[in-house]
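Written out below as structure tokens is the structure these notes cover.
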Amino acid sequence: MASSTTMPYAVTNTAFEVRFDGVGRSFTATNTRRGESAEPRIVLRDINITVKPGELVAILGTSGCGKSTLLRITAGLDTGFTGNVTIDGTPVEGIDSRSAFAFQEPRLFPWRSVTQNVALGLPHGIDKAEGEARVAELLELVGLSASAHHRPREISGGMAQRASLARALARNPGVLLLDEPFGALDALTRLKMQDLLLDIHAAAPTTVLLVTHDVDEALQLADRVILLGRMPGEPGATISELVTVPGGRPRDRGSAELAELRAHLLEGLGVDRHTTSTFSI
Amino acid sequence: MSATTDLTPRAQARGKAARQGGGSVRRARFTSTRGGQFLISSILPIAILLAWQLTSSLGIFTVGQLPSPEMVWLAGVDLVQRGLLGPFIGISVQRVLIGFAIGASLGLFFGAIVGLARVWDFFFGSTFGAIRAVPSLAWVPLLLLWLKIGEESKITLIAIGAFFPVYTTVAAALRHVDKQLVEAGRAFGLSGVQLFTTVQLPAVVPSVISGLRLALAQSWLFLVAAELIASSAGLGFLLLDSQNNGRTDRVILAIILLAVFGKTTDALLGLFEKWAVRRWA
């Protein structure tokens, strides 16, 4: 595949299929005081979905429903799950170098400069000069070239989150896993970051799994939206709804069709739509 | 204002202070200059020296109780001329440095394994805790029986003294390394030694150095304990010998020398600590 002309090194077009096959996860309660038997608590069950290469899928759900757990399972950070997760046809067993993770917090190393932090994401064994060139381009891409030599404490939260995104992109991941990466940002910065993500994805359509609790964000960014939720009378969350978002990106934030979908998804999250006067933003 | 948003809070505060006029700024500047700091910190020692001189001029105490500063100075000159003071200081400094080096290295090693792996914490934790509770002087008879009155017994005692501050601070610091940062390191493919050198070690550098500072101070304490009881040279020996001969001037000289050397070595490590905090934290 031809790489983008604006980013010859930084992002190449690798995109892998991610397949979840009967994935479940339960946790055993650790505080078993007074000899109570530790009943495993089922968080996720029966997750079945195939994410196509280059697809951008948003995972929506109420807090504590297991969206982050699903993402961590995909990254290989959580190995205690049941069922099968495959990336590009091969199962995920432990930390997987084909995927890259951007956390809700920037999680930059305070003793490293922004450049050094981004460089940490580079694939192992990459040529030094090539690595430097890629980091420089990624910093350019996320607009941090001027702050390349600053320490994380010297930059704003939005800048730190961009550095975190650049670090994940440095891996040249076939699957980009984003755990509410814009959740802690102010509203305006969040919108800019969403546009940045779309730019990156347009330039190099890697597969993206985006965990969010923001319905608008999901509708603005995703090809498909997974709604994680509980079925009445069943333990644990599973895919309660799978919505294909209509229209190409960037999408009109005021579209009536999206507004209807938004109200529908919010209902799925347990938010009353009140009247029919729903509007985006 | 937008120009300052990327600056550190401290830099902003400095800029603000510079813009404001008035006396408060001038006072702040005085304490922020080297000369001003030195001047303020030398007020108390000079006052003590003057009070000492005054009490001996007025004859409040007998010479046996409190000799004048001049007599202490002359006692020092006398010892130098006899060729005793240099070797005494030399042997004491040597014992402190060797004991400190041994104790601190062992402390680093055991602190690291106990802090990193719970199994070693369970294995060593309580035993080391119990050994730590033994007062320094309680070791002396045993060390003398085992190692005789040689250098080994003194260096062992100092090493015991230097071990615990390093061991406890390193173990605690490693146990409390930000779990999110460690996970971020793991997510980018780091594990084992690489994870340790890239994430955990840099994260604990400032605490390790403050542990080393404590250990050095402790080494001087243990040095005197060792030399007071069994030695034929060194500052501790000078203390004991002078007490037996009723040479209060030499006792005070030894105390002042211990204070000066303890403070000097601590200040050197303090500079190192300052640099390390700027570099790593």
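Basis for what follows: all heavy atoms, side chains included, without hydrogens, waters or symmetry-related copies. Protein chains get the first letters and strands the later ones, always in sequence-line order, with residue 1 at the start of each. Keep in mind that what you see is a predicted model, and the values were worked out from it rather than measured.
Residue contact with chain B, scored on non-hydrogen atoms closer than 4.5 Å, involves the backbone and the side chain of A:Leu120 alike. Heavy atoms closer than 4.5 Å to chain B are found nowhere in A:Leu122, neither backbone nor side chain. For a residue to count as touching a neighbouring chain, one of its non-hydrogen atoms must lie under 4.5 Å from one of that chain's; by this rule B:Thr198 touches chain A with backbone and side chain alike. Of the atoms belonging to A:Arg112, it is side-chain heavy atoms, and not backbone ones, that fall under 4.5 Å from chain B. Contact of A:Arg107 with chain B is made through backbone and side chain together, with heavy-atom distances under 4.5 Å. With a 4.5 Å cut-off on non-hydrogen atoms, B:Val199 touches chain A through its backbone and its side chain both.
Atom NE2 of A:His124 has more than 12 neighbouring heavy atoms from other residues, nucleotides or ligands inside a 6.0 Å radius. Applying the 6.0 Å contact sphere to CZ of A:Arg19 captures no more than 12 heavy atoms from other residues, nucleotides or ligands. No more than 12 heavy-atom neighbours from other residues, nucleotides or ligands sit within 6.0 angstrom of CD on A:Glu140.
Of residues 159-184 of chain B, those residues with a non-hydrogen atom less than 4.5 Å from any non-hydrogen atom of chain A are, in numerical order, B:Gln180, B:Leu181, B:Glu183, B:Ala184.
Considering all non-hydrogen atoms of both residues, B:Phe188 and A:Phe101 come closest at CZ-O, 3.5 Å. The two residues A:Ile95 and B:Ala187 have their closest heavy-atom pair at CG2-O, 3.7 Å.
Each salt bridge (charged side-chain N to carboxylate O under 4.0 Å, His left out) pair with one or both residues in residues 90-112 of chain B, not counting sequence neighbours, appears once here: B:Arg95-B:Glu151, B:Arg95-B:Glu227.
Chain A forms more heavy-atom pairs under 4.5 Å with one residue of B:Ser191, B:Gly189, B:Gly185 than with any other, namely B:Gly189.
For A:Arg190, the salt bridge (charged side-chain N to carboxylate O under 4.0 Å, His left out) partners are A:Asp214, not counting sequence neighbours. Considering only residues two or more places apart in sequence or on other chains, B:Phe110 meets the ring-ring contact (aromatic ring centres under 6.0 Å, His included) condition with B:Phe124, B:Phe128.
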